[in-house]
Amino acid sequence: MLGTGCLSNLQEKTMIIRNLYDTLANTAAAFPDKIGISDGKTRISYKELLQRTDFLSAYLKSVLQIKKGDCVGVLMLNCIEYILLIYAAAKIGAKVVLINAKLHAKEIAFILEDTKTEYLAIQADIWERVSHEIGKTQVKTLLLDANVMFEHMERYNVHCFSEGILYTEKTAEIRETDLDDPIAVLYTSGTSGTPKGAEITHRAVLETVYSYAKILNLNENQSTLLAVPLFHVTGFSCIMAVFIYIGGYLRMLPSFHSDQALKILSEEHIRHFHAVPTIYQMLVNVMKKEYDLSSLESAVCGGGYIEDRLIKEFCSIAPNVSFHPAYGMTETAGGGVLFPESYLKSCKKGSAGKVMENCEIAIFDEQKKKLPAGEIGQIAFRGAMIISHYLNHKGEDNFVGEWLLSGDLGYLDNDNYIYVVGRIKSMVNRGGEKIYSRFVEREILSNPKVNQCMVFPVKDFLFGEVPGCVIVPNKGADVTEQEIRDYLKKRIQKTKIPVYIEFWDQLPNTASGKVKVAYLSRLFTEKYYSEEGNH
C-alpha cells in the first residue's frame, strides 16, 4: 500500500513515471502548445519548457560535469530558471539543495558545507550579499542568472543560465534517476537549535503530487499563482510539482506583494490558490473593490494553523472558493493531511484535515506508545512520502522505528481526521496540568480586536511553568491586558489564562515564517522569572 499508492494512478497518463522529470515529459507530450508557466514577462509552453530543460540537463552533465548524486545548491527567488534547474537536475539524478534566500550569509554557508555542495546556482544580486561567506565553503562552480563577473569570482568556474538553456550539442536522452533516488534537500527552520537537512526522494514528491491532485480534483484546466517561495516545500511539492504534473497554468511571483497578488488573481482569473496563513491575512487586509476573486474555486492553507475567523474572511472576498486546510512537514514532502471537503461546510471544524490514503499517522505518548483515537499525544507520520533520516545522522531521536515524530501535539478522531493542539515546545506544564497552546490561542483569536497571538511556556518558581502570550492587535484596535483577561475569564479555566501578556506589532518569525516559540519562552523567562517567585 505505502509507496505504491500514487504510482498506479500516475501511470494512467501516457508515460511510466520513474522520476519527477517524467511528469514534465508526460505533460509536454499531452499539452505541447499550452502555456505552462509565466513570470509576467515571459510565457512558456510545455513543449518549450521541456526543450529548455533537456538542453540544461545536457549542459549540467556535459559541461559542468555534474554526476548522479551531486548536490546543486539553489539560491534564487522564484523564476523560470529555478524550475528549469529542478527538472534538469531530476533528469540526470542530481540533488537540488533548496536554500532559503532570506537566510543570513553564515546560515547559507552552513547549509552548503553540511551538504558538501560544490555547484551553486545563484542570482547576481544575492551573490553580492553572501559571497564573502560562500568563499569559505566547498563551492567551486557557479551558475549565474546574468553574464556578469564580480570581484573575487576568479576562484570559481562561472557559467550563465543562458548558455545552458541554449545548449544543443549533446541533448541525447539521459535517464539515470529512479523513484527512490533523492531529488531535493530542504532544511528545517531550526527554531530551537541547528537546522537539519531533509533529503526528499522523487517518490515522496510524487506521492504528495498525486494526493493533492486527486483530493482536490485538479486537472489541466486549473490555474494557480505561485506566491510562496520554491525553496519551501509548499512551493516545491504542493504547487510547482502538482501543476506541472496535471498540466495546469502556473503564474509565478518572484516574491510576495499583497496588491500584486490580488491583481494577478483577479485579472488572470486564477482558479486555485495555495499559501500560508500570513499571506491569507495580508490579502484580506488589503482587499479592494476593484479586485474580483470570484474565479477562485479552491484554496489551500498549510505551513501553520489558520483560525476559522480568517478562513471566513477570505471566503467572503472569494465567494466561490472551497477552502482546504492542510498539515504536513518538510520531512513529509509537504504531504500527509489535507481537508477533503469545503472546510466551512464541514462538521469537522477545528481539524487540520484527513490523513491521506498513502500516509499513516499515529499518536504517541511520552513513552513512545501508541494512543487510541481521541487521546492527545505527539503526532507521528509513516509512509512513502516520509524521509528515512536526516543528513549527517542528525535528529535520530525524531524517529520511532519507521515513524517520524512531528514535534506537534494532537489527536485523531474515528474518521481519521487530525486535530493539532500545538507544538510540544509551546505546551505549558503548569504544576502537572497540561495547557495546550492552540486551545488558549483559539479563544484569544475569537476576540474581534485580536489579529494574531502566540501562547508559550514561561518558567515559574511555584508551578514550574505558566502560560505567557504575545498578542498582535488588529490595525487601529485599542485593546488592553485587562480587557483580554476579562474576555478569557468567560471562556476558559482560570489557570489557562496567560500570566504574562504583551502586545507587539508583529510576531517574531523564522526565515521560513514560523513563530519563534523557543525564543519567546526564553525572552519572557529572562524578563519575568525569579527564584523568589514570579507573582
Side-chain angles (χ1 to χ4, degrees), residues 20 71 73-75 82 86 95-103 107-108 110-111 114-115 182-209 211-212 226 228-242 274-278 300-305 326-338 352-353 356 358-359 361 378-392 394-399 403-408 418 420 423-425 509-518:
L20 187 63
C71 286
V74 189
L75 195 52
Y82 204 137
I86 289 172
K95 295 181 287 188
V96 285
V97 182
L98 306 183
I99 305 173
N100 190 328
K102 298 178 183 178
L103 292 176
E107 296 173 298
I108 291 168
F110 166 81
I111 292 173
D114 199 47
T115 53
I183 170 59
V185 181
L186 291 88
Y187 273 72
T188 60
S189 56
T191 55
S192 57
T194 305
K196 300 185 292 292
E199 193 172 72
I200 299 173
T201 65
H202 290 257
R203 186 187 297 274
V205 177
L206 293 174
E207 292 281 0
T208 296
V209 164
S211 295
Y212 266 86
L226 180 64
V228 297
L230 282 167
F231 51 70
H232 288 167
V233 73
T234 298
F236 173 66
S237 287
C238 306
I239 303 175
M240 177 203 72
V242 168
H274 190 155
V276 297
T278 302
V300 181
C301 183
Y305 173 72
Y327 170 62
M329 303 169 63
T330 299
E331 294 90 332
T332 68
V337 174
L338 181 62
M356 293 174 174
N358 50 10
C359 178
I361 283 184
Q378 184 169 186
I379 300 167
F381 294 86
R382 183 170 73 173
M385 63 179 68
I386 317 303
I387 64 168
S388 59
H389 63 279
Y390 291 98
L391 289 184
N392 302 322
K394 296 176 182 176
E396 293 181 357
D397 292 343
N398 292 49
F399 292 89
W403 293 95
L404 171 68
L405 299 173
S406 67
D408 290 321
I418 190 80
V420 183
R423 295 286 293 170
I424 287 178
K425 291 181 175 62
N509 293 327
T510 66
S512 62
K514 295 182 180 178
V515 178
K516 295 180 179 179
V517 177

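Remember, predicted model here, so these are calculated numbers, not experimental data.
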Atom pair [atom1]/[atom2] of [X] and [Y] - distance to nearest 0.5 Å:
X	Y	atom1	atom2	result
Asn398	Ser406	CG	OG	9.5 Å
Ile111	Cys71	CD1	SG	12.0 Å
Thr188	Met329	OG1	CE	8.5 Å
Phe110	Ile99	CZ	CD1	11.5 Å
Arg203	Ile183	CZ	CD1	14.5 Å
Ile379	Ile418	CD1	CD1	4.0 Å

Establish, from distance only, whether the side-chain atoms of Glu331 and Tyr390 form a donor-acceptor pair under 3.5 Å.
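Distance-only check passes for Glu331 and Tyr390.
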
If every non-hydrogen atom of [X] is compared with every non-hydrogen atom of [Y], which pair is closest and at what distance?
X	Y	answer
Ala241	Val205	CB-CG1, 3.9 Å
Leu98	Ala184	CD1-CB, 4.4 Å
Val233	Leu186	N-CD2, 3.6 Å

Would you confirm whether Ser211, through its side chain, and Glu207, through its main-chain N or O, come within 3.5 Å as a donor-acceptor pair?
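Side chain of Ser211 to backbone of Glu207: a pair is present.
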
Judged by atom type as modelled, is there a donor-acceptor pair below 3.5 Å linking the side chain of Thr208 to the main-chain atoms of Ser237?
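Not confirmed, Thr208 side chain does not pair with Ser237 backbone.
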
Minimum side-chain heavy-atom gap Leu20-Ile86 below 4.5 Å
yes

For the residue pair His389 and Glu199, establish whether any side-chain heavy-atom pair is separated by less than 4.5 Å.
yes

Tyr82 ring center within less than 6.0 Å of Phe236 ring center
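They do not qualify: ring centres at least 6.0 Å apart.
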
With a 6.0 Å cut-off on ring centres, are His274 and Tyr212 close enough?
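So the answer is yes for these two rings.
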
Test: Asp114 and Lys394 ion pair at under 4.0 Å:
yes

